[in-house]
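Below is one structure, written out as C-alpha cells; comments come after it.
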Amino acid sequence: MQDEEITGLSATELSDAIHDGRASCTDVMKAYLARIGRLNPSINAIISLRDTDALLAEAAARDADLAGGTSRGWMHGMPIAIKDLCEVKGIRCTYGSPLFADFAPDKDEVMVERIRAAGAIIIGKTNTPEQGFGSQSYNPVHGTTKNPYDLTKTAGGSSGGAAAALAAHLLPIADGSDMMGSLRNPAAFNNVVGFRPSYGRIPSSLKLELFMGQLSVMGPMGRTVRDAAALLSTQAGYDQRDPHSLATEDLTPDENRDFAGARIAWLGDLGGYLPFEPGVLELCRATLPVFERIGCKVDDVVPDFDMADVWQSWTTLRSWLAAAKMRDTYDDPAKRAKVKPEIIWEIEHGLDMTGREVHFASKRRSAWYQYLLMHFERYDYLILPSAQVFPFDATTHWPKEVGGRTMDTYHRWMEVVIGPSMAGLPVAAMPAGFGANGLPTGIQIIGRPRADKAVFELALAYEAATDWLDRRPRL
C-alpha cells in the first residue's frame, strides 16, 4: 500500500490491513512519520516525538511477531501519541508547563498500560494547554497547535493536539481527557469524534487524590465512531487502583440497532441562556432532521432549572479542586511566576473556599443530576451543541465576547459543555457540518448514566446518515 492509502485508513481498517498482510507495521510507521515530518511543523500537534530509528525498530519487532503467528491485539503495530497530560514511562511529560519541562515519568498510567498491551507503538505526545487549563492548546514549552482546516485558527483544547493530529491524519487514533469539554470542544473544532465516557469508565492509577476529583475523565478520539468505541474498549475496565472504576463490560455498539421511536430532547441554547456566535446554533439545529430520518422523534425542550446555579456550582468545585491540587506551586513565588494568569485566577478563586460552600455546590450538582434523571424517564438522549463559537484566531487566548455578551471568565465561552460533566454522563461529540466560513462545529449526543454503549449506537447511526467525517482538510 502507498503512504497516502495507509494514512487514509481508519484505525479499525488499519488494524485489518496490518493483520491480513496488506501493510506491514514498518510501512505503517514510515508512512505516518513521513506525514508528520511534512505537516506537523505547521500544525504543531505532535510533540516529544521519539527517535525514528527506535520507532522503526519497534515496528520491525511487531512485524516479526506477526511473522511468528503472534498478534498483541487490535492495535498491533499502530502508532499513537498520548496526550501530554497523561504519563508515559520514559517519554517527557511536560503538562505544557515550564515547571515540568524536563519531567520523564518512570511509570505508565493504567490506560497507557492497556494501549501498550493491545500492541500500539507510542511515538510521542500530543500538545495541550498549560496543565490542561483552557480550551486553546498553547503553552510556553511547545507553542500553539493550529487547526488543520485553517492554520490561522485554534484547534481547541485541552485535547487540541490529539484532535488536530487526527484531522490531519498524523495519527490513526488518539486519546484525550475531558473536564470542561476537552474532548468535545476540540472534536467540534476539528471535525472528528470525541467521546466523554461515564465517570469511572476509564480508571486512573497515578492520581495522588483518588476520591474527591469526580469531574475529569479520560476518553478516546477517532476519525470514526467505530474507532473511538474500539479504543474505549481498550482503555476501559475495572482496576483496583482506582476506587471509582466501573466493572469491565462489553462496549461494542450494535451497528444495526433500530432507532424507530427513540425520543430525543433538543436543548439548544437552554432557552436563550447561552450566547452563540452567529451560525453555530443554526448548524447544530440543522442536524435534527438527520435523527428524524433514522427514526427518532425530536422535541424542543427548555430546561426548567436554574442554569446559572449549575455554573456557580461548577466554578466552585473546579476552583476548589484546582487550588487544592496546586497550592504548593502557588505558595512558591518562583514557581507561581511561571504559571499563566488563568491558572492563577482559578487557584485564587478556590483558595478561600469553605467546606460549607463546597458541600452546597455538591448538593446543587446532585439536584442537577436528579433533574436530568427526570428527563431520561421520557427521553432516551439529549442533544446540545459542543461549542458556542467557531474556531477562533490562534493568537487569541480565549474569546472575550460571544454573541454580544461579555465573557466574565476565561472559560465562560464554553459553558455549553458543563451540564453533562456535572452529571457524569456519557457523551459523543459528533460533527455538525461547516459554517459559511468553512470552519467546523459539532453536537453532543448525551446518554443516560453509564449508557456509553447506547450513545455509541446512536452516534454510529448518525455517522452513517451524514458525510461530514469524510470532509478532510486541504493540506
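This chain uses plain numbering: 1 for the first residue, then up along the sequence.
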Please check this pair: side chain of [X] against backbone of [Y], looking for a donor-acceptor N/O pair closer than 3.5 Å.
X: Ser319; Y: Gly350; result: no
X: Asn139; Y: Glu130; result: no
X: Arg365; Y: Met422; result: yes
X: Arg35; Y: His169; result: yes
X: Glu209; Y: Met212; result: yes
X: Gln136; Y: Thr396; result: yes
X: Arg263; Y: Tyr379; result: no
X: Gln444; Y: Pro385; result: yes
X: Thr287; Y: Ala432; result: no
X: Ser245; Y: Asp242; result: yes

Counting neighbours of [atom1] on [X] that are heavy atoms of other residues, nucleotides or ligands and sit closer than 6.0 Å, is the number greater than 12?
X: Lys400; atom1: NZ; value: yes
X: His244; atom1: NE2; value: yes
X: Lys207; atom1: NZ; value: yes
X: Asp352; atom1: CG; value: no
X: Arg450; atom1: CZ; value: no
X: Asp250; atom1: CG; value: yes

Where is the tightest heavy-atom contact between [X] and [Y], given as atom of each residue plus distance?
X: Gly222; Y: Asp227; result: CA-CB, 4.4 Å
X: Asp452; Y: Pro197; result: OD2-CA, 3.4 Å
X: Gly156; Y: Pro186; result: C-CG, 4.2 Å
X: Pro148; Y: Ile43; result: CG-CD1, 4.3 Å
X: Thr128; Y: Ser137; result: CA-OG, 4.0 Å
X: Ala163; Y: Ala187; result: CB-N, 4.5 Å

Could you give the distance from [atom1] ([X]) to [atom2] ([Y]), rounded to the nearest 0.5 Å?
X: Leu460; Y: Thr224; atom1: CG; atom2: OG1; value: 8.0 Å
X: Leu9; Y: Ser15; atom1: CG; atom2: OG; value: 10.5 Å
X: Glu457; Y: Asp254; atom1: CD; atom2: CG; value: 5.5 Å
X: Thr12; Y: Met75; atom1: OG1; atom2: CE; value: 11.0 Å

Within 45° cone of Phe376 ring axis and under 6.0 Å: Arg448 NZ or CZ: no
Over-ring placement of Lys340 relative to Tyr138, 6.0 Å and 45° cut-offs: yes
Ring pair (Phe, Tyr, Trp, His ring centres under 6.0 Å) between Tyr410 and His397, intermediate numbers included: CA-CA 8 Å; Tyr410 77 98; His397 288 180; over 10 Å; no
Can you tell whether the side chains of [X] and [Y] come within less than 4.0 Å, N to carboxylate O?
X: Lys297; Y: Asp299; value: yes
X: Arg412; Y: Asp408; value: yes
X: Asp178; Y: Arg184; value: yes
X: Arg226; Y: Glu463; value: no
X: Arg114; Y: Asp175; value: no

Taking the side chain as C-beta and beyond, is there a heavy-atom pair between [X] and [Y] under 4.5 Å?
X: Pro172; Y: Arg223; value: yes
X: Asp380; Y: Ile264; value: no
X: Ile418; Y: Met180; value: yes
X: Ile173; Y: Pro220; value: no
X: Ile123; Y: Ile36; value: yes
X: Leu99; Y: Thr94; value: no
X: Thr234; Y: Trp74; value: yes
X: Thr126; Y: Ile82; value: no

Hey, can you tell me if [X] and [Y] have their rings parallel, tilted or perpendicular (30° and 60° cut-offs)?
X: Phe456; Y: Phe195; result: parallel
X: Tyr381; Y: Phe259; result: tilted
X: Tyr371; Y: His375; result: perpendicular
X: Tyr462; Y: Trp468; result: tilted

Set of side-chain contact (heavy atoms from CB on, under 4.5 Å) partners for Ala394, sequence neighbours left out: Thr144, Lys146
Derivation of the ring pair (Phe, Tyr, Trp, His ring centres under 6.0 Å) call for Phe189 and Tyr149: CA-CA 9 Å; Phe189 279 12; Tyr149 287 92; over 10 Å; no
Donor-acceptor contacts, no H, no angles, side chain residues 272-282, under 3.5 Å, sequence neighbours left out:
unit_1	atom_1	unit_2	atom_2	d
Tyr273	OH	Glu415	OE2	2.6
Glu277	OE1	Phe390	N	2.9
Glu282	OE1	Gly279	N	2.9

Criterion side-chain contact (heavy atoms from CB on, under 4.5 Å) on Val217 and Met179, from CA distance to verdict: CA-CA 6 Å; Val217 301; Met179 186 180 196; over 6 Å; no
For [X], which residues count as a ring-ring contact (aromatic ring centres under 6.0 Å, His included) partner, sequence neighbours excluded?
X: Tyr32; result: none
X: Tyr369; result: none
X: Trp320; result: none
X: Tyr95; result: Phe100

With His411, the ring-ring contact (aromatic ring centres under 6.0 Å, His included) member among Trp314, Trp398, Trp345: Trp345
Verdict with reasoning, Thr329 to Ile343, per side-chain contact (heavy atoms from CB on, under 4.5 Å): CA-CA 11 Å; Thr329 296; Ile343 299 178; over 6 Å; no
